[in-house]
Amino acid sequence: MKSLAELDKLREKLQEEMRLREGKEDVKVVVTMGTCGIASGAREVLTAILEEISKRGLKGVTVTQTGCAGLCHCEPLVEVERPGRDKVTYGHVDEKKAREIVVSHLVNGQIIKEWTIK
Amino acid sequence: MELYRAHVLVCAGAGCISSGCQAVKSALEESIDRLGLKREVKVVETGCMGPCDLGPVIVVYPEGVFYRQLKPADAVEIAEEHLLKGRVVERLLYKAPENGKTAVTSDQIDFFKKQTRIALRNTGIINPESVEEYIARDGYRALGKVLTTMTPQEVIECIKKSGLRGRGGAGFPTGLKWEFSAKAPGKPRYVVCNADEGDPGAFMDRSILEGDPHSVLEAMAICGYAIGSNQGYVYVRAEYPLAVQRLSLAIEKAREYGLLGENIFGTGFSFDVEIRVGAGAFVCGEETALLASIEGRRGEPRPRPPFPAQEGLWGKPTVINNVETWANIPPIILKGPEWFASIGTEKSKGTKVFALAGKVNNTGLVEVPMGTTLREIIFDIGGGIPGGKQFKAAQTGGPSGGCIPARYLDVPVDYESLTRLGAIMGSGGLIIMDEDTCMVDLARFFLEFVQDESCGKCSPCRIGTKRMLEIVERITRGEGRDGDIELLEELGHGIKSSALCGLGQTAPNPVLSTIRHFRDEYEAHIYHKKCPAGVCRALMVYAIDEEKCNGCGRCALVCPAGAVYGEKKKPHRIDLEKCLRCGTCMEKCKFGAIYTI
Ligand SMILES: Cc1cc2nc3c(=O)[nH]c(=O)nc-3n(C[C@H](O)[C@H](O)[C@H](O)COP(=O)(O)O)c2cc1C
Ligand code: SF4
Ligand code: SF4
Ligand code: SF4
Ligand code: FES
Ligand code: FES
């Protein structure tokens, strides 16, 4: 550690990993992973989302998964919840779409309307 | 940096290790591997989370779900249900003993909810073997702040203003101690951490060292800067191998990152820490004995003054503080002395960590603001007394302390209030006793302890405590005499005023305080040959209930004194002249016919 600035930089990087344990309200990305979700590629979607967030150093995003949402025909599903906003649900997400959702919705705040369901 | 969607915190404090957390962790990791979740779920070992009697415990984030009393098979289920499918495993959640209510997350549990964690801010939350996790939670920022923006005098002022007092027992103002050392002539100077923790049943300091070792290292470096010292020592007992191991690793990692060693943060300040392992004699926790032991001499106390702050290690100015005292330093620097001083009471600032033990539902590690009442600690956090029994007294301060009887349940726990009651804050041992505890027997236990641990250097302590022990033992054997209580008091006060070190000066406290609050119990033993709590065996009278006895003869068979007589198939009797009061017959009677009066 050559300087305090170096510590600060390191801390910022590390804090993202630890934020999970703070239970703070922030953007939540939920991937539904029931049996059919996993069969239709939800696992790959989840990994892609984690990778993309990590690559872009996005802050304040929690990624979780839930069980069956009862919408088997639309799986894999990805839900994006911002505090104080309506939940947005994307259907038939694949790896590529997942990465785009991160860029467009999470980074730029643009909902990709044509992929949403409801 | 790796991003995960879930963190599973597995408590690896000493309590959970002894209840089998390693097997639970392996089962968890195997399942995570098998289910292909390795990229998404991270398993982290932490220090003690607090509720040790619920161990092994784990917490799953981001939801914060708290699972307790796990077996390896439960861990497999958590992986398959919660981690894979996102379904909380109801069956393994905590249920409140009072009302059976289920708590999902730890912040719904009173035990956690009512605590304020400063010294334990990271314990049970971070991986103690990862300096990165410590840094992520503002670790070493206080050291950075001190080195780059504050003068040594400002650091001392800040600690003084915070009102922090030593957590090792005596409660001496920490900032003042640092100032004495900073102003004392002589170089080099030293910084010492007292991690001897000798009180029977206490494990606060061990838990901090095991759960958050960097907080102590960072604080010692801060003190080094404040008093002009470049070398620190942590004196820890050999019985704490895990603490030694985690601390060694922490020192190594801190050196790697340049947070200890030469030219820290490029400021030109250098500081390093070494570990000294002690044999674990109680008297070695006394500061002058401890310093002697670090120097490689016999761990015997010497008279003070001079105080270590002026003449400590190798005769040089030395600041010695307790583990928990150290752990409070970084937050004080970061959040400011006013913040710290706003917690607690007028003269006792901040929080205190207690090792809650004995007859209480939730045993474990708790941290509460100074001034919290005993009732809140025992009943709200501790969940009350098990088995519907009555609370009788709490013992604080271990062998140097005293007891607080039930009628003072609403006493605020701070230095002054406890001293007024003849107890002390002590280092944080808090033993809860119910109606089945005999206070004379309790006093005997502590007296025996100090008698064993007395180093023998001065006669008031060596001979005086032995005499006191003889008298108390005699009382518990039913051979107490008129005048014994007064004699104990006289001896006790004599030893307190003439012993050389703190061990002897406080050794009579458990006796004096039980006499003060439970004199009637001593009198019952001495004058009526009765132990009201039914503990002192020698004072029990064994009798056989003729209604229940069917004359099986087992008792007569096992009695070592041949004190039981009677015909087969007819009620038996005990010859009290011969009876040794050993209790064997009562243990062996299958019909519950033998009772004591
Ligand atoms: C017999 C005896 C045993 C002690 N044991 C300890 C101990 O285990 N840990 C500790 O921190 N202080 C212990 N102390 C208190 C130390 O002498 C010293 O006051 C303390 O380490 C100072 O640190 P503090 O101001 O941060 O409390 C003991 C004192 C006596 C008389
Ligand atoms: S008071 Fe006891 S422990 Fe302390 S120096 Fe005297 S004999 Fe040793
Ligand atoms: S063991 Fe119990 S039942 Fe049997 S003779 Fe003794 S008192 Fe009676
Ligand atoms: S208490 Fe011991 S000595 Fe007395 S009667 Fe029972 S077995 Fe015999
Ligand atoms: S299992 Fe996926 S919606 Fe039912
Ligand atoms: S050791 Fe696990 S809770 Fe204390």
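The sequence lines fix the lettering, A, B, ..., with proteins before strands; numbering per chain opens at 1. Just so it is clear, the values below take in all heavy atoms, side chains as well, and ignore hydrogens, waters and symmetry mates.
In terms of heavy-atom pairs under 4.5 Å with chain A, the best-connected choice from B:E133, B:E63, B:E256, B:R39 is B:E133. Looking only at heavy-atom pairs under 4.5 Å with chain A, the residue among B:A6, B:G86, B:G258, B:A136 that has the most is B:A136. Options A:V61, A:T47, A:V63 differ in how many heavy-atom pairs under 4.5 Å they form with chain B, and the most are formed by A:V63.
Side-chain contact between B:I135 and A:R11: present, with at least one pair of heavy atoms (C-beta onward) separated by less than 4.5 Å.
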Criterion side-chain contact (heavy atoms from CB on, under 4.5 Å) on B:R5 and A:V30, from CA distance to verdict | CA-CA 10 Å; B:R5 71 166 165 81; A:V30 185; over 6 Å; no

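Within 6.0 Å of CG on A:D86 lie no more than 12 heavy atoms contributed by other residues, nucleotides or ligands. In B:K38, the NZ atom is not crowded: 12 or fewer heavy atoms of neighbouring residues, nucleotides or ligands sit closer than 6.0 Å. Atom CD of B:E154 has more than 12 heavy atoms from other residues, nucleotides or ligands within 6.0 Å.
Heavy-atom distances place the side chain of B:V44, and not its backbone, under 4.5 Å from chain A. Interface residue B:L84: backbone and side-chain heavy atoms are both found under 4.5 Å from chain A. In this structure, the portion of A:L46 lying under 4.5 Å from any heavy atom of chain B is its side chain and not its backbone. For B:L143, no part sits under 4.5 Å from any heavy atom of chain A, backbone or side chain.
Contacts classified as side-chain hydrogen bond (donor to acceptor under 3.5 Å, both in side chains) and involving residues 136-147 of chain B (residues at least two apart or in different chains) are given here: A:E22-B:R137, B:N122-B:R137, B:D138-B:R141, B:Y140-B:H214.
Listed here is the closest heavy atom pair of A:L10 and B:Y257: CD2-CE2, 3.6 Å.
With rounding to the nearest 0.5 angstrom, the CG atom of B:L259 is 6.5 Å from the CG atom of A:L7.
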